[in-house]
Amino acid sequence: TVQLNAAGTASVTAAQVNNGSSDNCSIATMTVSPNSFTCANVGANTVTLTVTDLNGNSSTCTSTVTVQDNIAPTATCQNVTVQLNAAGTASVTAAQVNNGSSDNCGIATMSVSPNSFTCANVGANTVTLTVTDVNGNSGTCTSTVTVQDVTAPVISCPANISVLSSTTQCGANVTFNTPTYSDICSATMVQTAGLPSGSLFPVGTTVNTFRATDPSGNQTSCSFSVTVTDVTPPVISNMPQNFSSCNPVTWTPPTITDNCAGVQVTSSHVPGSTFPSGTTTVIYTAVDVYGNTSTASFNVTVLQPSVAASSITSDREYNNICAGENITLTINGGVLGAGATWKWYTGSCGGTALPAFNGQTTISVSPAATTTYFARAEGQCNISACASITVVVSSGNGPVGGVTYSYIPVNAAPGVTDSLVVVPVAGATYYRWYTINGHVNSVLFNGSIGPVQTGTNRVNVSFVLP
């Protein structure tokens, strides 16, 4: 029995085969054939031993040479990297791991174990390569198979959402379906932007973003928008009703509310303004930050103020009566405003009231002494200025004596102004000045056409062209 060497060969000698051959004289030579073997001869081989003596006589015998291959193959490995497929699996072959394994006779088979991988094997894995030669001898080596997951997760977001804002909040509570995700191995998902489902989403557009990540760090994101539109106009409440008022007109402004902050309010008029006569419409306009507009209005009818009387006149010349006589007084001009009446006073404007004459434009009085009467309009909007008249009450005794001039102008030409003076008359209360010539408009007493009444005995006289 012989062993093949590393080169896959073996040989035998005649001496190895000879088992005590002999000759009567002497053996000259011994040969064996065949005497060399290869991997092809593994197993039993018949060889012939030829023995020759000194005289050239020869004889043969046969034997069996068993050739054995006991040398294991040389297994040589290399590291391999594989990626998981869409099913989350990967595999390697012996050929991928083999890095030039060899055998003296020849390799029959190669196998690697383990040769299949899942998500659980992501990372470095030790595998064994087994190399078997044609004669059943085996050799092994190990290598590292690195399993990679390079497939990103799959994530799907809901469709974009559009809703109307709440009428009581500046936004809307929006609920959405959670995005779905999957991975060939496993993954987790987090929200990276936006608001959680069920939150109050503000008016405008909010972008919600979700990200799925697997254990190998592969990531995928998706986004969808939530758009909230505000169509709710501001609410104008506590609006004044139509009313009538004197100037200046005032009122309590209405209350403006809205579901969103930032309402701009304008009005056509402001409290405390002076309005024109007639009816004016006051308009309030409220506009929120999203352009929603509300308007409301009310009418103001302006009440007219009173206008003071222009004068009070009497039915007696120079407003003069004797004691015990009556005199009729009449209010001239003026306008009674809203809710106004004429009221009479003596002593001063608003002094001693004469309620018996309230609301009368003409009254009859009989004062015992010289008295000044005042009348004014008193109403809802105002109290006018007073008009007045002095009723002169003369006693029973008149002036004593005639009128004597103590000074008259020297020159009565047009453009001349001078004084006209009489001697004081006992008992005289007033002096009345007038002219009896044909040109009464050419002589002015204290700047007026006569008759003119004064309380003194002197008057300024002017001469003018008629």
Side-chain angles (χ1 to χ4, degrees), residues 153-182 187-213 219-276 278-302:
V154 175
I155 187 170
S156 177
C157 277
N160 294 336
I161 300 172
S162 294
V163 296
L164 295 180
S165 174
S166 164
T167 59
T168 59
Q169 300 180 96
C170 194
N173 292 100
V174 178
T175 300
F176 53 84
N177 294 327
T178 301
T180 59
Y181 64 97
S182 62
T188 58
M189 184 180 70
V190 295
Q191 184 172 2
T192 59
L195 296 171
S197 177
S199 298
L200 176 65
F201 282 74
V203 173
T205 298
T206 301
V207 177
N208 283 350
T209 300
F210 289 81
R211 182 179 64 216
T213 305
Q219 295 180 343
T220 303
S221 295
C222 70
S223 299
F224 66 98
S225 63
V226 175
T227 300
V228 179
T229 302
D230 177 29
V231 296
T232 302
V235 175
I236 303 176
S237 57
N238 300 321
M239 193 74 174
Q241 299 298 311
N242 298 339
F243 65 92
S244 299
S245 173
C246 305
N247 275 318
V249 180
T250 188
W251 64 88
T252 300
T255 302
I256 311 296
T257 58
D258 192 60
N259 59 329
C260 294
V263 176
Q264 297 293 321
V265 180
T266 58
S267 62
S268 59
H269 303 76
V270 296
S273 300
T274 297
F275 282 36
T279 299
T280 299
T281 299
V282 178
I283 301 173
Y284 274 82
T285 302
V287 183
D288 68 19
V289 294
Y290 301 106
N292 300 301
T293 302
S294 292
T295 59
S297 64
F298 60 92
N299 293 326
V300 177
T301 301
V302 172

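Val289 and Gly262 make their closest contact through CG1-O, 3.3 Å (heavy atoms, listed as atom of the first residue, atom of the second, distance). Across every non-hydrogen atom of Ile283 and Ser297, the tightest pair is CG1-CB, 4.0 Å. Listed here is the closest heavy atom pair of Ile256 and Ala286: CG2-CB, 3.8 Å. Annotation for Gln219 and Thr213: closest pair CG-OG1, 3.4 Å, computed over non-hydrogen atoms.
Around the CD atom of Gln264, the shell of radius 6.0 Å holds no more than 12 heavy atoms that belong to other residues, nucleotides or ligands.
Residue Ser244 forms a side chain to side chain contact (heavy atoms under 4.5 Å, CB included) with just one option from Thr279, Val300, Thr301, Asn299, and that option is Thr301. Under the side chain to side chain contact (heavy atoms under 4.5 Å, CB included) test applied with Phe176, the options Ser197, Cys157, Pro196 reduce to a single match, Ser197.
Contact check for Asn173 versus Leu200: side-chain heavy atoms found under the 4.5 Å cut-off. Side-chain contact between Thr285 and Val287 is present, with at least one heavy-atom pair separated by less than 4.5 Å. Looking at Pro248 and Ser273, their side chains never come closer than 4.5 Å, going by heavy atoms from C-beta outward.
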Mind running side-chain contact (heavy atoms from CB on, under 4.5 Å) on Val163 and Phe201 for me, showing each step along the way? CA-CA 10 Å; Val163 296; Phe201 282 74; over 6 Å; no
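Under the 3.5 Å distance criterion, the side-chain polar atoms of Asn247 are left unmatched by any main-chain donor or acceptor of Val302. In this structure a side-chain-to-backbone donor-acceptor pair under 3.5 Å is present from Asn259 to Ser166.
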